[in-house]
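All remarks here apply to the structure that follows.
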Amino acid sequence: EDMRETYDPTGQTRYKAACKMFGVVPVSYFLRHLHDTELIMMHHGLGPQGAKALAVPLVTNTSILKINLRDNWIEELGGAAIAEMLTENCYITDIDLSENKLGGKGAQAIGNMLLENTTLVSINLSGNGFDDHAAKHLADALVSNQKVEVLDLSHNRMGDGAGEMLGNAIAENTGMKTLNLSWNSLRGRGSITLARGLGANIFLRVIDLSYNGFGKDGAVALGEALKVNNVLEELNIGNCRIPPEGAVRFAMGLKENKTLKTLIMSRNPMQSAGCYGILKSMQGNPESAIESLDFSDITVNKDFDDLYSAIKEMFPNLQVKHGGNADMFRKTKAKVSGSALQCGKQGPFITIHIRYCNPNQYLFLAE
């Protein structure tokens, strides 16, 4: 009878006892929100000991379904405690552990947890200093875990080795729908293996590979993947060092793809020729599903604009973003110079100030 009176499904009593044991002050915010379905505790400065104390009541908590612990510096020990908690808890479906300095041991603990956990659907591990060694633990887990649908590994330090391991894991994974690997060091053979894994995957809908070093060879491998992948809907390969030749070779694969809806290739050194190649592939693929092309910060020319006008007749809903037309800029600049010379001949010198308003338009103020 006494046990029934003191039973607390949220774990407030256990949390206070754990804080005393780990030598930390109980977080009042946590105590107030133990009954909520979503717990948001970003920037609370928990540290490893605070995370350990937090994990104790969460093992048996049945209310909280989503947790955000971003930027709490819980480090490897705190990450291991949270991972152990997730092994036991069968209610939490979404967790954000980004910016927590989890490191290699934290990645190992998370990987081991994912081998057993069957309820997590979304996990954010961005900005935790994961390198190739850490990636191995996560890759092994992705081969076995088919429940996680959203995984964020952006802003880490994963390189060629990680690309190879993750590429093989992606090829075998049958549960993930969204993957973010942006802001890593994926290049060379790692980017090629990753692209091949994407080609073999039949579940991924969205993948972000931006701010890596895919280059020409990586772009070619991605093009080959798009020839056989018939499920991917959004691909971000912005700022991946893709040159014009790489973009043109990538476009050859795009010519056979029928599912991709959004393609982001912004800030690549592919020039107008590369952008033109992408549009040309759509012209040769009437069944293309592309609705949005992003070539931000890449200057195009008149040939591109002419082709885009023709493409719009085939795909009226197509939206294209780019860095402006270089030919139009030169033409406007020449016209302004001519006007200034003409003013000089007719009378006193006139100073013309040009203030930029929007693409391809200028406001002239004369003195």
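What you see is a predicted model; the values in this text were computed from it and never measured. Heavy atoms only: backbone and side chains are in, while hydrogens, waters and symmetry mates are out.
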Measure the acute angle between the ring planes of F30 and Y15, then classify it against the limits of 30° and 60° as parallel, tilted or perpendicular.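 Rings of F30 and Y15: perpendicular, as their planes differ by over 60°.
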Check ring pair (Phe, Tyr, Trp, His ring centres under 6.0 Å) between Y91 and all other residues, then give those that pass, not counting sequence neighbours.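 In terms of ring pair (Phe, Tyr, Trp, His ring centres under 6.0 Å), with neighbours along the sequence ignored, Y91 is linked to no residue.
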Please test Q108 against K105 for side-chain hydrogen bond (donor to acceptor under 3.5 Å, both in side chains), starting from the C-alpha separation and ending with a verdict. CA-CA 5 Å; Q108 183 176 5; K105 291 183 180 178; over 6 Å; no
Under 3.5 Å, side chain of R241 to main-chain N/O of N239, donor-acceptor pair present?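 The answer is no, because no donor-acceptor pair under 3.5 Å joins these two groups.
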Check whether N229 reaches the backbone of N201 with its side chain - one donor and one acceptor, N or O, closer than 3.5 Å.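 The answer is yes, because a donor-acceptor pair under 3.5 Å joins these two groups.
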For [X] and [Y], does a side-chain donor sit closer than 3.5 Å to a side-chain acceptor?
| X | Y | value |
| --- | --- | --- |
| E116 | T87 | no |
| S292 | T262 | no |
| T60 | R14 | yes |
| D71 | N100 | no |
| N301 | S272 | yes |
| S126 | N124 | no |

For the CZ atom of R196 and the CZ atom of R189, what is their distance to the nearest 0.5 Å?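 Rounded to the nearest 0.5 Å, the CZ-CZ separation comes to 12.5 Å.
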Apply the ring-ring contact (aromatic ring centres under 6.0 Å, His included) test between H322 and each candidate in F304, F295, Y276, Y308; give the one that qualifies.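 The ring-ring contact (aromatic ring centres under 6.0 Å, His included) with H322 is passed solely by F304 among F304, F295, Y276, Y308.
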May I ask you to check whether over 12 heavy atoms, not counting those of [X], lie within 6.0 Å of atom [atom1]?
| X | atom1 | value |
| --- | --- | --- |
| K302 | NZ | no |
| H43 | NE2 | yes |
| K321 | NZ | no |
| E75 | CD | yes |

Quick one: do K66 and I92 satisfy side chain to side chain contact (heavy atoms under 4.5 Å, CB included)? Show the steps, please. CA-CA 6 Å; K66 296 182 179 182; I92 297 171; over 6 Å; no
Charged N to carboxylate O under 4.0 angstrom, [X] versus [Y]?
| X | Y | result |
| --- | --- | --- |
| K136 | D132 | no |
| R205 | E234 | no |
| D297 | R267 | yes |
| K216 | E245 | yes |

Which pair of non-hydrogen atoms, one from N89 and one from T119, has the smallest distance, and what is that distance?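 That would be O-OG1, 3.9 Å.
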Where is the tightest heavy-atom contact between G188 and D160, given as atom of each residue plus distance?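 Scanning both residues completely, I find the closest heavy atoms to be N-OD1, 4.2 Å.
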